[in-house]
Amino acid sequence: MSTYLQFLLLHLLAAIVFIGTVVVEVLFLPGVRRRLPAATARRLEAAFAAQARVVMPWVLAVLYLAGLGLAWHHRGALAQPLGSHFALLLWAKMVLAASVFGHFLRAMAWQRQGRLDGPRSQRLHRSVLVHVLAIAVLAKLMFHL
């Protein structure tokens with residue numbers, strides 16, 4: 001199996017885990033929370049968040065390191081962002097991925113400062129969801145335009 005294929009599969013699997021986690025946090029947990037007693041909902045949310053803090057750094061490391069390996073493979077296209085649809089979409093995908101990483105760093109900083117409250121966390125998660133869905137669409141379009 002080629003190194004490129006290994007990077008591609010690692011990147012894909014990590015993206016599935018990351019996007020799935022964000023989807024659960026944004027689309028499923030709020031509805032589940034409303035159906036549970038308040039104390040139980042807080043415990044569920046705290047347990048989910050604690051588990052995400054354990055798993056997500058590893059998932060993000062694999063996602064971004066494999067992404068860098070893929071970007072290196074496509075460095076020729078990246079050198080000419082307007083040279084093809086593929087290069088332009090790859091650049092757009094990378095800009096959005098950098099923004100997601102910025103969101104992650106911001107969330108960590110807000111958490112350390114005690115400023116990651118409910119509304120701020122919800123806005124951050126919704127923004128990340130929009131970003132990762134756009135990245136997934138761009139990833140598919142890169143090979144079909």
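What you are looking at is a predicted structure, and each value in this text was computed from that prediction instead of being measured.
- Counting only residues at least two apart or on different chains, no salt bridge (Lys or Arg N to Asp or Glu O under 4.0 Å) pair has a member in residues 120-136.
- The stretch residues 36-50 participates, sequence neighbours left out, in these salt bridge (Lys or Arg N to Asp or Glu O under 4.0 Å) pairs: Arg33-Glu45.
- Residues Leu133 and Val130 do not share a hydrophobic cluster, defined by chaining ILVMFWY side chains whose heavy atoms lie under 4.5 Å apart.
- Sorted by first and then second residue, the ring pair (Phe, Tyr, Trp, His ring centres under 6.0 Å) pairs involving residues 10-60 (not counting sequence neighbours) form an empty list.
- Residue pairs that meet the salt bridge (Lys or Arg N to Asp or Glu O under 4.0 Å) test with at least one member in residues 81-91, sequence neighbours left out, do not exist here.
- Side-chain heavy-atom separations under 4.5 angstrom define the hydrophobic clusters, and the remaining members of the one that includes Val62 are Leu10.
- Taking OG1 of Thr21 as the reference point, atom CD1 of Ile16 lies at 11.5 Å (rounded to 0.5 Å).
- Qualifying side chain to side chain contact (heavy atoms under 4.5 Å, CB included) partners for Leu36, counting only residues two or more places apart in sequence or in other chains: Val32, Thr40, Ala41, Leu44.
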Checklist entry - Given Leu63 and Leu60, is the side chain to side chain contact (heavy atoms under 4.5 Å, CB included) satisfied, shown in steps? => result CA-CA 5 Å; Leu63 182 64; Leu60 287 173; 4.2 Å; yes
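- Under the rule for a side-chain hydrogen bond (donor to acceptor under 3.5 Å, both in side chains), the partners of Ser121 that lie at least two apart in sequence or sit in another chain are His125.
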Pair up each side-chain donor or acceptor in residues 103-114 with any protein partner under 3.5 Å, not counting sequence neighbours, and list the distances.
{"from": "His103", "atom 1": "ND1", "to": "Ser99", "atom 2": "O", "distance (Å)": "2.7"}
{"from": "His103", "atom 1": "NE2", "to": "Ser127", "atom 2": "OG", "distance (Å)": "2.8"}
{"from": "Gln113", "atom 1": "OE1", "to": "Arg115", "atom 2": "NH1", "distance (Å)": "3.0"}

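- Both Val17 and Leu9 are assigned to one and the same hydrophobic cluster, defined by single-linkage of ILVMFWY side chains at heavy-atom distances under 4.5 Å.
- In this structure, Val95 shares a hydrophobic cluster with no other residue, the cluster being traced through Ile, Leu, Val, Met, Phe, Trp and Tyr side chains under 4.5 angstrom apart.
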Considering only distance and modelled atom types, tabulate donor-acceptor pairs under 3.5 Å from the side chains of residues 135-145, sequence neighbours left out.
none

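- In the hydrophobic clustering of this structure, Leu90 groups with Leu8; members are Ile, Leu, Val, Met, Phe, Trp, Tyr whose side-chain heavy atoms approach within less than 4.5 Å, directly or through other members.
- For the atom pair CG of Leu124 and CG of Leu129, the computed distance is 11.5 Å after rounding to the nearest 0.5 Å.
- The side-chain hydrogen bond (donor to acceptor under 3.5 Å, both in side chains) contacts involving residues 63-84 comprise Tyr4-His74, where partners must be two or more places apart or lie in separate chains.
- Following chains of ILVMFWY side-chain contacts shorter than 4.5 Å, one can reach Phe86 starting from Phe7, so the two form part of one hydrophobic cluster.
- For the pair Val128 and Glu25, the minimum side-chain heavy-atom distance is 4.5 Å or more.
- Residue Ala77 comes nearest to Ala87 through the heavy atom pair O-CB, 3.2 Å, listed as atom of the first residue, atom of the second, then distance.
- Linking Ile, Leu, Val, Met, Phe, Trp and Tyr residues whenever their side-chain heavy atoms come within less than 4.5 Å leaves Met94 and Leu65 in two separate clusters.
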